[in-house]
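First the structure, in the form of structure tokens, and then the observations on it.
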Amino acid sequence: MYGNPTFDCDGAGIRAHCRQLATVVTITGQLRDTNVECAGDQTERFIIPEKPFILDLSGVTSFTREAVSLLFRIDDLCDAAGLEWSLVASRAVEQVLREHDVEFTTSGSVPAALNHFADVMVARRQLLPLLTKTA
């Protein structure tokens, strides 16, 4: 099979795309206590050192309180690797996060998150010559 296969985790479809600016993992369907560990295991595989990470949950139709643990898991892994990451949330995800007073860095869409990472990269490149100049 060619391309990017979708992994099925009991109602949650997971697909990864390695882009130039970031790795994008898209989860669709339902994230609940019965499949959140499987979804986390599949997602964790795609956190690549030195590559920003985008978790696209815009296609998630059901998101339980237990599924919030997936976001904390991703946050911890990215933090440990020194990676910036962004969440693209569906209404179902936003509602659960709001109800439980949980906040993560979010973007309105995958293209918006990619643009943010591109802007960060440009800013770092502009800073680099200043850091290498000697008096």
Any chance you could measure Lys51, atom NZ, to Glu84, atom CD, to the nearest 0.5 Å?
14.0 Å
Phe72: which residues meet the ring pair (Phe, Tyr, Trp, His ring centres under 6.0 Å) condition with it, sequence neighbours left out?
Phe104
Looking at side-chain heavy atoms only, is the closest gap between Thr6 and Thr28 below 4.5 Å?
no
Any chain of hydrophobic side-chain contacts (each under 4.5 Å) joining Leu57 to Phe46?
yes
Is there a side-chain contact between Thr106 and Leu97, using heavy atoms and a 4.5 Å cut-off?
no
Indicate if Val88 and Phe53 have the same hydrophobic cluster label, given that clusters are the connected sets of ILVMFWY residues with side-chain heavy-atom separations under 4.5 angstrom.
no
Is Ile74 reachable from Val93 through a run of hydrophobic residues whose side-chain heavy atoms are each under 4.5 Å from the next?
yes
Just verifying a value: how many Å separate Thr105 OG1 and Glu103 CD, rounded to the nearest 0.5 Å?
9.5 Å
Any idea which heavy atoms bring Phe63 and Val96 closest together, and the distance?
O-CG2, 2.9 Å
Ignoring hydrogens, what is the shortest heavy-atom contact between Leu114 and Ala22? Give both atom names and the distance.
CD2-CB, 4.0 Å
Could you check Asp75, Ile47, Val25 and say which one makes a side chain to side chain contact (heavy atoms under 4.5 Å, CB included) with Trp85?
Asp75
Give me the atom names and distance for the closest heavy-atom approach of Gln30 to Thr61.
CG-OG1, 3.9 Å
Quick check: closest heavy atoms across Leu83 and Glu50, and the distance to 0.1 Å?
CD2-N, 3.2 Å
Can you tell me how far apart CZ (Arg19) and CD1 (Ile54) are? Round to the nearest 0.5 Å.
8.5 Å
Using side-chain heavy atoms (C-beta onward) and a distance below 4.5 Å, is Leu71 in contact with Leu55?
yes
Return the minimal non-hydrogen interatomic distance between Ile14 and Gln42, and the atom names on each side.
CD1-CB, 3.8 Å
Are Ile48 and Leu21 in one and the same hydrophobic cluster, where Ile, Leu, Val, Met, Phe, Trp and Tyr link if side-chain heavy atoms are under 4.5 Å apart?
no
Answer with yes or no whether the hydrophobic clustering places Leu87 together with Val36; edges join I, L, V, M, F, W, Y residues whose side-chain heavy atoms lie under 4.5 Å apart.
yes
Distance col, row Ser69:OG vs Asp76:CG, nearest 0.5 angstrom, shows 10.5 Å
What one should report as the nearest heavy-atom pair of Thr23 and Cys18 is OG1-SG, 4.0 Å
Answer yes or no: is there a side-chain heavy-atom contact under 4.5 Å between His116 and Ser86?
no
Under 3.5 Å side-chain donor-acceptor pair for Thr26 and Arg15
no
Output for pair (Ile27 CD1, Thr43 OG1), nearest 0.5 Å, gives 3.5 Å
Tell me whether the count of non-hydrogen atoms from other residues, nucleotides or ligands lying under 6.0 Å of CZ in Arg45 goes above 12.
yes
Within residues 27-44 or reaching into it, pairs that qualify as salt bridge (charged side-chain N to carboxylate O under 4.0 Å, His left out) - sequence neighbours excluded:
Asp10-Arg32, Asp41-Arg73, Glu44-Arg73
